[in-house]
Amino acid sequence: MSSDTTIAPEALTFSDLGLSPKVLSAVTDAGYTQPTPIQAGAIPHALLGKDILGIAQTGTGKTASFVLPMLTRLEKGRARARMPRTLILEPTRELAAQVEENFIRYGKNHKLNIALLIGGVSFDEQDKKLERGADVLIATPGRLLDHRERGKLLLNGVEILVIDEADRMLDMGFIPDIERICEMIPFTRQTLFFSATMPPEITKLTEKFLHAPVRVEVSKAASAATNIIQRLVKSGSKPWDKRETLRNLMKAEDAELKNAIIFCNRKVEVSELFRSLLKYDFDAGALHGDMDQRARMQMLANFRDGKLRYLVASDVAARGLDIPDVSHVFNYDVPIHAEDYVHRIGRTGRAGRSGKSFTIATKSDTKYIDAIERLIGNKIEWHDGDLSTVVASEGGEDDAPRRGKGAPRRAGRKDDDRKDRGGERKPRERHAKHSEEAAPATVREDQPVVAEVEVADIGERRARKDAIRSENTERKSSDRNEQRAPERGDTRPQRDSNRPARHRQEDNDATVGFGDDMPAFMRIVAKV
DNA sequence: AAAAAAT
């Protein structure tokens, strides 16, 4: 079939990959010298115009592995009106925006027109950019097709097509859309295809739409990232029980906790938990797909900039979002699909840092936990800390709304949110440094990365595949309820119908890293 | 049991 080439990334710098001087200078300005494995493996082939099948999660430097060669290749030629030269498909709006940031950052020496076509924002600006001729078009599938149906977009000039996070597109039911879009683009194009996993449907897709692809795989050496401490935490199953467990956990971890993402399974839960945490004076924000786009971007930017310590989120934030240096992940709910667990906890422990994840588990979660443990090939330890003592021993420093004297522990379902606020909000000590001594062997740009073929874990990978398959049931789109999460600081539910003008937040200067962001447990296998 | 994405 194909020969295996083992890449030794430590021998490479970006200047060895064949990128243009303009691109190299932008990369240097961003402070990077050494490519990650996926970059070292993919970029040379992408520059030669070959199709790429990249098997990698975000956080591996995947985005730059297609952005940089695309920029180099775009230096020849010019865009024509309504005929974009390249197209990048992303599953979520945030990811699309993140890719745009990468193009802006690394394309600063180019004069390229970049158009971002995502939902939730007005068509006008997007139309103008298309009309002007886009060198780079970044889109979510729905809005892209919408533009095309309105006749504002011709896809037969596309030279390079990128399909990112293909397995997630599958989960979200986008595959028919992706197939439609692929069929609109001439087969002479170059296709760069990325997926974290390769379920059968995705393999089928690559067979249909890729031509003799170079396969570049960055796989985890072992099931669990050793730099992430994972714990299960027992809790009662009622919402108020879980909220209490969570608060106690947050307080118990306070000294080590820099910032945290708290995942819920449902949007309503995100909203409820978010409001509850605000009542308890936690410095929290919320993020889910029914919030308007402006609020989504704002929350994310604030969290990245350290203006928010806690982000309560749905799985919209589970994958791909590039938020460096999240110290903790809390699963308020056990994810129903085991693969989501891996993505969620992967938001911490990035760039070889240490990270902690806690998953609140109730009796009814057992079978989901079993599935997760099967997938990661490990038992997750139970948290041994006694959370009940945390509350009692702290004289109530943070636990603002205290129960009234002699009040029954639990009266009704409205629970904590109904208690009075118990005084003014206190400034909380923020950003307690998490312990340096706990840091595992880290991989930075300046450190060598061991390159080797992982053969030991075939059984584990098969188990993972099976688990993923079993989780991948047919999903239909759910109805969108009208609920919007309020903005931070406003604890009232917002149900007004006259939504504010939506537009993208432009001043988002979040780190768009790659070299900095390679977990220590990654290895590369490049098959040519 | 959900979320995401086009209006």
Side-chain angles (χ1 to χ4, degrees), chain A residues 58 88-98 116-124 126-127 138-153 163-181 196 237-239 242 261-273 286-293 296 300 312-321 331-341 343-344 347 360-369 371-372 471-485 497 499 502:
Chain A
T58 15
I88 298 131
L89 293 171
E90 294 287 336
T92 69
R93 299 169 186 175
E94 276 77 9
L95 282 174
Q98 202 167 277
L116 179 67
L117 303 190
I118 59 174
V121 293
S122 95
F123 281 91
D124 297 351
Q126 297 179 356
D127 282 343
I138 306 155
T140 45
R143 183 57 74 98
L144 181 91
L145 289 169
D146 208 343
H147 274 282
R148 211 194 102 93
E149 275 153 26
R150 289 155 26 112
K152 300 283 185 181
L153 178 59
I163 297 166
D164 199 12
E165 303 262 336
D167 51 348
R168 190 166 189 207
M169 303 257 200
L170 173 71
D171 287 349
M172 291 167 68
F174 281 170
I175 295 305
D177 288 349
I178 298 300
E179 289 184 315
R180 275 179 67 200
I181 293 166
S237 56
K238 298 296 183 196
K242 291 176 78 169
I261 303 179
I262 303 161
F263 284 104
C264 303
N265 285 356
R266 283 176 299 205
K267 289 177 281 200
V268 231
E269 279 169 336
V270 170
S271 297
E272 281 172 12
L273 179 60
L287 183 68
H288 68 68
D290 280 352
M291 290 164 59
D292 77 75
Q293 196 54 29
R296 283 167 68 163
L300 196 55
V312 187
S314 68
D315 279 319
V316 69
R319 300 199 202 190
L321 289 189
N331 287 315
Y332 177 78
D333 297 308
V334 178
I336 294 162
H337 293 278
E339 76 229 64
D340 288 334
Y341 175 83
H343 291 296
R344 287 181 181 186
R347 297 306 97 201
I360 295 176
T362 69
K363 276 202 196 89
S364 51
D365 293 323
T366 316
K367 70 171 183 177
Y368 298 112
I369 292 168
I372 290 166
E471 300 302 332
N472 258 336
T473 53
E474 186 81 66
R475 276 157 233 159
K476 10 180 200 227
S477 62
S478 57
D479 56 332
R480 318 193 120 228
N481 58 26
E482 274 310 297
Q483 164 152 22
R484 279 174 60 209
S497 54
R499 299 184 163 196
R502 302 150 153 196

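Chain letters run A, B, ... following the sequence lines, proteins first and then strands; every chain starts at 1. Since the structure is predicted, the reported quantities are computational estimates derived from the model, not experimental observations.
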Participant: Determine, for A/Phe123 and A/Arg143, whether the Lys NZ or Arg CZ falls below 6.0 Å from the six-membered ring centre while staying within 45 degrees of the axis.
Facilitator: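 Cation-pi check for A/Arg143 and A/Phe123: passes.
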
Participant: Where the side chain of A/Glu149 is concerned, which of B/dA1, B/dA6, B/dA4 is the nearest nucleotide?
Facilitator: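 It is B/dA6.
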
Participant: Mind checking if A/Asn265 touches a base, just sugar-phosphate, or nothing, with heavy atoms under 4.0 Å?
Facilitator: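 Counting heavy atoms under 4.0 Å across all strands, the contact made by A/Asn265 is with sugar-phosphate only.
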
Participant: What integer distance in Å separates A/Tyr341:OH from B/dA1:C1'?
Facilitator: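 Value for this atom pair: 20 Å.
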
Participant: Using a 4.0 Å heavy-atom cut-off across all strands, classify A/Arg296 as base, sugar-phosphate, or nothing.
Facilitator: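 Sugar-phosphate contact only.
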
Participant: In whole Å, what is the span from the CD atom of A/Glu269 to the P atom of B/dA3?
Facilitator: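 It is 8 Å, rounded to the nearest whole Å.
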
Participant: It should be established whether A/Ser314 places a side-chain nitrogen or oxygen under 4.0 Å from OP1 or OP2 of nucleotide B/dA4.
Facilitator: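 For B/dA4, OP1/OP2 do have a side-chain N/O of A/Ser314 under 4.0 Å.
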
Participant: Distance check needed: B/dA5 P versus A/Glu165 CD, whole Å only.
Facilitator: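 In whole Å, B/dA5 P and A/Glu165 CD are 13 Å from each other.
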
Participant: Does A/Thr92 make a side-chain N or O approach to OP1 or OP2 of B/dA5 shorter than 4.0 Å?
Facilitator: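 No, outside the criterion.
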
Participant: Can you tell me if A/Arg143 touches the phosphate of B/dT7, counting only side-chain N or O atoms and a distance under 4.0 Å to OP1 or OP2?
Facilitator: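 Result: yes.
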
Participant: For the pair A/Asp333 (side chain) and A/Asn265 (backbone), establish whether a donor and an acceptor sit closer than 3.5 Å, ignoring hydrogens and angles.
Facilitator: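 Yes, the answer is positive, given that a donor and an acceptor are paired below the 3.5 Å cut-off.
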
Participant: How many Å lie between CD on A/Glu90 and P on B/dA6, as a whole number?
Facilitator: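 Spelled out: CD on A/Glu90 to P on B/dA6 is 12 Å.
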
Participant: Apply salt bridge (charged side-chain N to carboxylate O under 4.0 Å, His left out) to A/Arg344 and list each qualifying residue two or more places apart in sequence or on a separate chain.
Facilitator: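 Only A/Asp315 meet the salt bridge (charged side-chain N to carboxylate O under 4.0 Å, His left out) criterion with A/Arg344.
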
Participant: I'd like to know if A/His337 reaches the base of B/dA2 with its side chain, counting only an N/O donor and acceptor under 3.5 Å.
Facilitator: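 Counting by modelled atom types and ignoring angles, a donor-acceptor contact under 3.5 Å is found here.
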
Participant: How many Å lie between CZ on A/Arg344 and P on B/dA3, as a whole number?
Facilitator: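 Spelled out: CZ on A/Arg344 to P on B/dA3 is 11 Å.
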
Participant: Take the protein atom CZ of A/Phe263 and the nucleotide atom C1' of B/dA3, then report the distance between them rounded to whole Å.
Facilitator: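 It is 12 Å, rounded to the nearest whole Å.
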
Participant: Under 4.0 Å: is that the gap between some side-chain N or O of A/Arg93 and OP1 or OP2 of B/dA6?
Facilitator: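 Answer yes for this pair, as a side-chain N or O of A/Arg93 is under 4.0 Å from OP1 or OP2.
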
Participant: Atom CG of A/Leu145 to atom P of B/dT7: distance rounded to whole Å?
Facilitator: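 About 12 Å, once rounded to whole Å.
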
Participant: Can you measure A/Ile118 atom CD1 to B/dA6 atom P for me and round it to whole angstrom units?
Facilitator: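 A/Ile118 atom CD1 is separated from B/dA6 atom P by 8 Å.
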
Participant: State, yes or no, whether a side-chain contact exists between A/Glu149 and A/Leu145 at a heavy-atom distance under 4.5 Å.
Facilitator: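 Yes, side chains in contact.
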
Participant: For the pair A/Asp171 and A/His337, evaluate side chain to side chain donor-acceptor pair (under 3.5 Å) and give the outcome as yes or no after the intermediate values.
Facilitator: CA-CA 10 Å; A/Asp171 287 349; A/His337 293 278; over 6 Å; no

